[in-house]
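The block underneath contains the structure these notes are about, expressed in structure tokens.
One is the number of the first residue; the rest follow in order along the sequence.
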Amino acid sequence: MTKQYFDKSSRLNDVVIIRSIAIVMVVAFHAYYMMMVPGHFPKSMDMYHQMYYNINCLILQFRMPLFIMISGYLFSHLENDKGKYATFKALLQNKFKRLILPFFVFATVFMLSINDFSWEPYYRWGYQHLWFIPMLFWCFIFTRLQSFLPFNKSTWWKATILTVFFCFDILPHISVPFFALPNFLRWYFWFYFGYQIYLNRDKLYGVMNNHRYIYSFILLSIFICGSWVKCNYLESNTIHTWYTELANISVAILFWFWINFILFRFISADGGVIRKFNWLNKHSYGIYVFHNWLQPFLISSTAIGLFGLETLAMNYPILFPLVFFISSFILSLGLTWLLLKTRVGRFLIG
């Protein structure tokens, strides 16, 4: 019989911590990536690429797999242990209100703010970094639709879904130009992977815990090897291959295990550390929505001219991107905090 490490009725503090860390990584990735594109700081672009490309590629590239995996993990908890969204209609209404309506509102506001209005986001359900929101909507819907199948809980079905969507993940060209379907096909593997990790978390944790240092070394080695190939031999670090995704799977499992190991051994479930992470976690939706909208304004041509940012970027290659990252994170967090004080804000990102 599998030992019970996790209490099904307790709050998922591992989700709170992992999602909080993931949102910091998301903001950091975009902040440092902007240092390496020609449109912002062309004179220092090569210098930043030499300094930070491997960091972005090795450490921050698994941010979205981790972010999506933990969403599936949480949904599995809510669906299987909490009985939330008792009917398909309830789920559809909740996720349309929580995801699709905010997507249309923020996509419209962002397009108007840069005077670049287009009808394309309205039928493609994708706009810059907001692609994540409609993609997540389809993940919830497709997962619930599977529950109506009589063989949904069979091992062969779960293995088939994981295999098929892993193949979609590594295919270079998927073109279904409506309703965020290309993004759904490419990323659903991670949502369903997290969903299954939750269902098997006692077994997985038990196996890892018995020989945690050996398994950690193996998983870390797979991650480093796969990431090294990705960063040094692929044309772009956004390309998905079987070995880049195997590297991300390894680091995601490693991340999840050690967060829970630390929670079990060293951190009180109701302590101050968890409360701080929980506060950040509650603002993560808004931070995601606003960060990549605010960042281009902070280093716009106007800001570069007014504050001499080109010179600062050239002379302070360590301090400048760090301050840019922290500033954009704080501004995104502050804007989220202010918006949550309003009824409209709570409706959109609450």
field: Side chains of Arg212 and Asn209, donor plus acceptor under 3.5 Å
entry: yes
query: For the rings on His291 and Tyr288, is their centre-to-centre separation under 6.0 Å?
result: yes
- prompt: Counting N and O atoms only, with roles assigned by atom type, does the side chain of Ser20 sit under 3.5 Å from a partner on the main chain of Leu280, one being a donor and the other an acceptor?
  reply: no
- prompt: Is it true that the side chains of Thr336 and Tyr285 contain a donor and an acceptor less than 3.5 Å apart?
  reply: no
message: Working to the nearest 0.5 angstrom, can you tell me the gap between Ile249 CD1 and Ile222 CD1?
response: 9.5 Å
message: Is the ring pair Phe117/Trp119 parallel, tilted or perpendicular, if the boundaries are 30 and 60 degrees?
response: perpendicular
Donor-acceptor contact below 3.5 Å, side chain His283 vs main chain Trp279: yes
field: Step-by-step side-chain contact (heavy atoms from CB on, under 4.5 Å) determination, Phe88 to Phe148
entry: CA-CA 10 Å; Phe88 180 75; Phe148 297 116; 3.9 Å; yes
message: Is a donor from one side chain sitting under 3.5 angstrom from an acceptor on the other, for Tyr188 and Thr143?
response: yes
query: Is there a donor in the side chain of Asn80 and an acceptor in the side chain of Tyr198, or the other way round, less than 3.5 Å apart?
result: no
- prompt: Between His129 and His30, what is the ring plane arrangement, given parallel below 30°, perpendicular above 60°, and tilted in between?
  reply: perpendicular
- prompt: Do Phe179 and Phe165 share a hydrophobic cluster (ILVMFWY, side-chain heavy atoms under 4.5 Å, transitive)?
  reply: yes
message: I need the Lys153 NZ to Gln146 CD distance, nearest 0.5 Å.
response: 12.5 Å
message: Check whether Ser221 reaches the backbone of Phe217 with its side chain - one donor and one acceptor, N or O, closer than 3.5 Å.
response: yes
- prompt: Would you say the side-chain atoms of Asn210 pair up with the backbone N or O of Gly206, donor to acceptor, closer than 3.5 Å?
  reply: yes
message: Determine whether Ile299 and Met35 satisfy the following criterion, side-chain contact (heavy atoms from CB on, under 4.5 Å), listing intermediate values before the conclusion.
response: CA-CA 10 Å; Ile299 54 174; Met35 301 294 106; 4.3 Å; yes
query: So, the side chain of Thr244 versus the backbone of His240: is there a donor-acceptor pair under 3.5 Å, distance only?
result: no
task: Output yes when a side-chain donor or acceptor of Ser328 lies under 3.5 Å from a complementary backbone atom of Phe325, and no otherwise.
output: yes
message: Looking only at the side chains, is there a donor atom on one of Gln128 and Trp293 sitting less than 3.5 Å from an acceptor on the other?
response: no
message: When you measure from the side chain of Tyr48 to the backbone of Ala313, do you find a donor-acceptor pair of N or O atoms at a distance under 3.5 Å?
response: yes
query: How are the rings of Phe62 and Phe223 set to each other: parallel, tilted or perpendicular (split at 30° and 60°)?
result: perpendicular
message: Between Phe132 and Phe67, does the ring-ring contact (aromatic ring centres under 6.0 Å, His included) criterion hold? Intermediate values first, please.
response: CA-CA 10 Å; Phe132 172 81; Phe67 213 62; 5.4 Å; yes
- prompt: Which class fits the ring pair Phe106 and Phe110: parallel under 30°, tilted 30 to 60°, perpendicular over 60°?
  reply: tilted
message: Run Phe41 and Met314 through side-chain contact (heavy atoms from CB on, under 4.5 Å) and show every step you take.
response: CA-CA 8 Å; Phe41 303 105; Met314 180 65 74; over 6 Å; no
task: Mind running side-chain contact (heavy atoms from CB on, under 4.5 Å) on Asn260 and Tyr5 for me, showing each step along the way?
output: CA-CA 10 Å; Asn260 278 291; Tyr5 292 95; over 6 Å; no
- prompt: Parallel under 30°, tilted from 30 to 60°, perpendicular over 60°: which one fits the rings of Phe75 and Tyr195?
  reply: tilted
message: Given 3.5 Å as the limit, does a donor-acceptor pair link the side chain of Ser327 with the main chain of Phe324, or not?
response: no
Arg63 to Phe29, cation-pi by 6.0 Å centre distance and 45° axis angle: yes
task: Given salt bridge (charged side-chain N to carboxylate O under 4.0 Å, His left out), test Lys43 with Glu310 step by step and report yes or no.
output: CA-CA 8 Å; Lys43 295 180 181 179; Glu310 183 76 59; 5.9 Å; no
message: Check whether Phe140 forms a cation-pi arrangement with Lys95 (NZ or CZ under 6.0 Å from the six-membered ring centre, at most 45° off the ring normal).
response: yes
Phe264/Phe261 aromatic ring centres below 6.0 Å: no
query: Side-chain donor-acceptor pair under 3.5 Å between Tyr205 and Trp256, yes or no?
result: no
message: Please check: side-chain N/O of Ser154 versus main-chain N/O of Phe151, any donor-acceptor pairing under 3.5 Å?
response: yes
- prompt: With distance as the sole test, does Arg346 use its side chain to make a donor-acceptor pair with the main-chain N or O of Leu340 at under 3.5 Å?
  reply: yes
